[in-house]
Number of protein chains: 2
Amino acid sequence: MSNMGYAGHMELHEPELREVPVTAVLAALADDVRLQIVRTLAEGGGEYACGTFEFGVSKATRSHHLKVLREAGLTRTRVAGTSRYVRLRREELERLYPGLLDAVLAAPTRA
Amino acid sequence: MSNMGYAGHMELHEPELREVPVTAVLAALADDVRLQIVRTLAEGGGEYACGTFEFGVSKATRSHHLKVLREAGLTRTRVAGTSRYVRLRREELERLYPGLLDAVLAAPTRA
DNA sequence: TCCAATGTTCGAGTATCGTCGAACCAACGG
DNA sequence: CCGTTGGTTCGACGATACTCGAACATTGGA
């Protein structure tokens, strides 16, 4: 009955947004791959399986970026079967950082 | 030769804002020292000599951060005598990234 | 039961970042 | 001139960040 060594039963680390320094939120957004993920989540508006985000990186790297987003308080993850469904924490973000996400999303894709 | 503004032969690199990827702007803001500098500039509204920003780092580090801000298109620098005066590029930022700077500045200082 | 699918974690390589002291430079004031 | 002042640059350091392949865990189906 050991559950050692793997995160299958571990709780996903999803911090309270107010515990996250704004610099961490900005750092999470300051990466091309992660910004593409966030854009996809924002445009779709709902949940996406991790595998959705095919942006030219390996699945290990993708998993890493999703973890960064989650631990920066930007996303929430729901586990279902072998898949994990990710969604943006829009309302919470809007409450704590009004206008921030919209401003970033409105920015030109390629500057 | 005119004596007008002979500010040494070093050219400051101040890119056009549209040439700067938004991720670079976000990365520039995603540091505590730099965010404090930006806050100071925004609250004061005008120009500040580099020496103004005493945030517990050496002057070499301060100079580095000011360079990062400048090259991310966030600030402009005017050379006068032995001093350099830094100011925020608010209007340009507002035009290209409407609401972004305000949202960041409105964020809680101590998250 | 075995296998494929979906993700995560590990270990390592490379790159970039933040930091400092020391050396440097240009401008100013005696 | 010479020294001081304001600031930059250099070289180095340790810490982080991004990336990948490989190995692993969990689920669900043949």
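Basis for what follows: all heavy atoms, side chains included, without hydrogens, waters or symmetry-related copies. First the proteins, then the strands, lettered A, B, ... as listed; each starts at 1.
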Check your understanding: Would a hydrophobic clustering, with Ile, Leu, Val, Met, Phe, Trp and Tyr connected at side-chain separations under 4.5 Å, put A:Leu69 with A:Leu17?
Key ->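 Hydrophobic grouping puts A:Leu69 with A:Leu17.
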Check your understanding: Can A:Val68 be reached from A:Val57 by stepping across I, L, V, M, F, W or Y side chains whose heavy atoms are under 4.5 Å apart?
Key ->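 No, A:Val57 does not connect to A:Val68 through the hydrophobic network.
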Could you run down the sub-3.5 Å N/O contacts of the protein with nucleotides 1-4 of chain D?
none

Residue pair [X] / [Y], side-chain heavy-atom distance below 4.5 Å:
| X | Y | result |
| --- | --- | --- |
| B:Leu66 | B:Thr75 | no |
| A:Leu29 | A:Arg34 | no |
| A:Glu94 | A:Leu101 | no |
| B:Val22 | A:Pro108 | no |
| A:Val79 | A:Leu12 | yes |
| B:Arg18 | B:Leu96 | yes |
| B:Val33 | B:Thr61 | no |

Exercise for review: Would you indicate, yes or no, if C:dG7 has its OP1 or OP2 atom less than 4.0 angstrom from a side-chain nitrogen or oxygen of A:Ser83?
Suggested key: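 True: A:Ser83 side-chain N/O within range (under 4.0 Å) of C:dG7 OP1/OP2.
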Review point. Does C:dA27 have OP1 or OP2 sitting under 4.0 Å from an N or O in the side chain of B:Thr82?
Key: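 It does not, given that no N or O in the side chain of B:Thr82 lies less than 4.0 Å from OP1 or OP2 of C:dA27.
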d([atom1], [X]; [atom2], [N]) in whole Å:
| X | N | atom1 | atom2 | answer |
| --- | --- | --- | --- | --- |
| B:Glu47 | D:dG7 | CD | P | 12 Å |
| A:Arg62 | D:dT19 | CZ | P | 13 Å |
| B:Arg78 | D:dG6 | CZ | P | 16 Å |
| B:Lys59 | C:dA23 | NZ | P | 13 Å |
| B:Leu69 | D:dG7 | CG | C1' | 16 Å |
| B:Tyr85 | D:dG6 | OH | P | 10 Å |
| B:Asp32 | D:dT16 | CG | C1' | 15 Å |
| B:Tyr48 | D:dG6 | OH | P | 18 Å |

Which nucleotide wins on minimum distance to the side chain of [X], given the candidates [options]?
| X | options | answer |
| --- | --- | --- |
| B:Cys50 | D:dG7, C:dT9, C:dG7 | D:dG7 |
| B:Arg84 | C:dT9, D:dT8, C:dT8 | D:dT8 |
| B:Arg70 | D:dT8, C:dT8, C:dA27 | D:dT8 |

Check your understanding: Quick one, which residues of residues 35-43 of chain B touch DNA chain C with a heavy atom under 4.0 Å?
Key ->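 Contacts with DNA chain C under 4.0 Å: none.
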Table of protein N/O atoms under 3.5 Å from nucleotides 12-14 of chain C N/O atoms:
none

Check your understanding: Could you give the distance from NE2 (A:His13) to OG1 (A:Thr77), rounded to the nearest 0.5 Å?
Key ->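 It comes to 12.0 Å.
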Practice item. Using the test side chain to side chain contact (heavy atoms under 4.5 Å, CB included), find all partners of B:Ala106 that sit at least two apart in sequence or belong to another chain. Key: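 For B:Ala106, no residue satisfies side chain to side chain contact (heavy atoms under 4.5 Å, CB included) once neighbours in sequence are set aside.
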Review point. Any ion pair linking B:Glu14 and B:Arg89 (charged N to carboxylate O, less than 4.0 Å)?
Key: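 The answer is no: the pair does not qualify as a salt bridge.
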Check your understanding: When you check the gap from the basic side-chain N to the acidic O, do B:Lys59 and B:Glu54 get nearer than 4.0 Å?
Key ->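 Here B:Lys59 does not pair with B:Glu54 in a salt bridge, since their nearest N and O are not under 4.0 Å apart.
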N/O-N/O pairs, protein side and nucleotides 16-19 of chain C side, under 3.5 Å:
unit_1, atom_1, unit_2, atom_2, d
C:dG18, OP1, B:Arg34, NH1, 3.4
C:dG18, OP1, B:Arg34, NH2, 3.0
C:dG18, OP2, B:Arg34, NH1, 3.3
C:dG18, OP2, B:His64, NE2, 3.4
C:dT19, OP2, B:His65, NE2, 2.4

Just distance, no hydrogens or angles: give the donor-acceptor pairs under 3.5 Å from side chains in residues 36-43 of chain B, sequence neighbours left out.
unit_1, atom_1, unit_2, atom_2, d
B:Arg39, NH1, B:Leu105, O, 2.9
B:Thr40, OG1, B:Gln36, O, 2.9

